[in-house]
Amino acid sequence: MKQRKTPVLISPADDDDSNKNSTSKNPSPNNSSHKIFLLCLVTRIINSLFVQTYFNPDEHWQSLEVAHRIAFGYGHLTWEWKKGIRSYLHPVLFAALYKVLSFLHLDTPWFMIRAPRLLQSVFSAIGDHYLYELSRVLFGNNVANWALFAQLTNWFVFFSITRTLSNSLETVLTVVSLYYWPCLRASPAAVPPGSRKLALAVAALACAVRPTSAITWIYIGFLELFITRDKLKFVLLEVVPIGGLVLGVTFLLDRQFYGSWVIVPLNFLKFNFFSSGGDYYGTHPWHWYITQGFTVMLFTYLPFSVAGGIKSKEWKLPGLIVWVLGIYSLLGHKEFRLQISGSFFQCFQ
């Protein structure tokens, strides 16, 4: 006769031990995410302390000088602020920082010079972290790791992202918003409820900081409109009220500091698009971003970005890059800093 096999019983204690062992071998996504953010934060803080050079006048005259005037009552305002083509939303962030430094009696030259870039390094780390998370949900952990590596080692991002340019903050807000858009996911229905509303709010903030950010959101908005079932609900109950609320608050802020009602996005578009006022600062041929600007920004990553874009089955993000570069190429005035967000996006390829 065959002997009956004695079943192996696992005690609750043994089960707990096995769960602990499996948990220790497979750390939770939250712990991993926190470590990634800490890595990004430490890297960008070091980044902000290493970069001591001068890049563009706007990192001072369109942000810190204006913030100093708000916080302490004196500071020079350039002609852009007299014409009303800049929003106070961006400088107010640094004005608040200056006020905190003053309250703590830390408004010494050392802190006043470095604190704004340290604050921007925090924003930049948030952008790096969201880039990692977005590439992870779209392409998996392996691609996310390489995307983060490319992001943290890109020379132009290192050179520019911790500077107090509105373009730097716009780039961070753009990446954060892209993470929450259902239309970029392989399964839009799997996105948590409310993500699209949050994406719209952050996108509206990006437009308030720099109105040209609307170029990105026109593309994303039409993608979302194409895949969503209830198109009227998306436009009338989400885009209009959320965008109107964010921009309305921005208008009130500008009203407070300008002393009169100023519609900054309209003035900005009139000057830069309709009257080609930016051409006063120099023009470049239409292909400059493709043949020089973007090429220099990506540098050694260029062949990998091209190869990744060709091999990838994902067309939405490469399409966004082509769309943004195409629209910006129509403008006569071109600058490297206007495409900081483009160097971010290329890390996905």
task = List in chain and number order the residues that pass side chain to side chain contact (heavy atoms under 4.5 Å, CB included) with Ser63, two or more places apart in sequence or in another chain; answer none if no residue qualifies.
result = His90, Phe94, Thr164
inquiry  = Can you tell me how the ring of Phe336 sits relative to the ring of Phe156, calling it parallel under 30°, perpendicular over 60° and tilted otherwise?
reply    = tilted
note = Thr250 and Ala208 have their tightest heavy-atom pair at OG1-CB, 3.6 Å
ask   = Counting distance only, does the side-chain N/O of Ser102 pair as donor-acceptor with the main-chain N or O of Tyr98 below 3.5 Å?
value = no
query = For Leu119 and Leu93, which heavy atoms make the closest approach, and how far apart are they?
reply = CD2-O, 4.2 Å
inquiry  = For the CZ atom of Phe268 and the SG atom of Cys207, what is their distance to the nearest 0.5 Å?
reply    = 11.0 Å
inquiry  = For Tyr74, I'd like to know if atom OH has over 12 heavy atoms of other residues, nucleotides or ligands within 6.0 Å.
reply    = no
query = Do other residues, nucleotides or ligands put more than 12 heavy atoms under 6.0 Å from Ile263 CD1?
reply = no
inquiry  = So which atom in Asn267 and which in Gly84 form the shortest heavy-atom distance, rounded to 0.1 Å?
reply    = ND2-O, 3.0 Å
query = Distance only, no hydrogens: is a donor on one side chain within 3.5 Å (strictly under) of an acceptor on the other, for Ser121 and Arg114?
reply = no
ask   = Can you name the nearest heavy-atom pair linking Ala199 to Tyr180, along with the distance?
value = CB-CB, 3.7 Å
message = Other residues, nucleotides and ligands only: do more than 12 of their heavy atoms fall within 6.0 Å of NE2 on His105?
response = no
key: Sidechain N-carboxylate O distance under 4.0 Å for Glu170, Arg337   = no
note = Exactly one candidate in Thr43, Leu118, Ile161 meets side-chain contact (heavy atoms from CB on, under 4.5 Å) with Ser48; the answer is Leu118
message = Can you list everything that forms a side-chain hydrogen bond (donor to acceptor under 3.5 Å, both in side chains) with Arg69? Sequence neighbours excluded, please.
response = none
message = Can you confirm whether more than 12 heavy atoms, excluding those of Gln256, are under 6.0 Å from its CD atom?
response = no
remark   = Shortest non-hydrogen pair, Val176 vs Ile126, comes out as CG2-CG2, 4.1 Å
From CA spacing to verdict: side chain to side chain donor-acceptor pair (under 3.5 Å), Thr228, Arg196 = CA-CA 11 Å; Thr228 190; Arg196 190 167 67 187; 3.1 Å; yes
key: Heavy atoms from other residues, nucleotides or ligands near NZ of Lys231 exceed 12 (cutoff 6.0 Å)   = yes
request  = Compare every heavy atom of Ala204 with every heavy atom of Gly243, then report the nearest pair and how far apart it is.
outcome  = CA-CB, 4.3 Å
Centroid-centroid distance, Tyr258 to Tyr88, less than 6.0 Å = yes
key: side chain to side chain contact (heavy atoms under 4.5 Å, CB included) partners of Leu205, counting only residues at least two apart   = Leu89, Leu173, Val246
task = Quick one: sort the Trp79 and Phe271 rings into parallel, tilted or perpendicular, breaks at 30° and 60°.
result = tilted
message = I want to check a possible cation-pi pair here: Arg185 against Tyr179, using under 6.0 Å from ring centre and within 45° of the ring axis as the test.
response = yes
task = Quick one: do Glu335 and Asn167 satisfy side chain to side chain donor-acceptor pair (under 3.5 Å)? Show the steps, please.
result = CA-CA 11 Å; Glu335 296 184 50; Asn167 308 87; over 6 Å; no
ask   = Between Arg163 and Ser168, does a side chain to side chain donor-acceptor pair (under 3.5 Å) hold up when you go through it step by step?
value = CA-CA 7 Å; Arg163 297 179 184 275; Ser168 300; over 6 Å; no
message = For the CG atom of Asn145 and the OH atom of Tyr132, what is their distance to the nearest 0.5 Å?
response = 4.5 Å
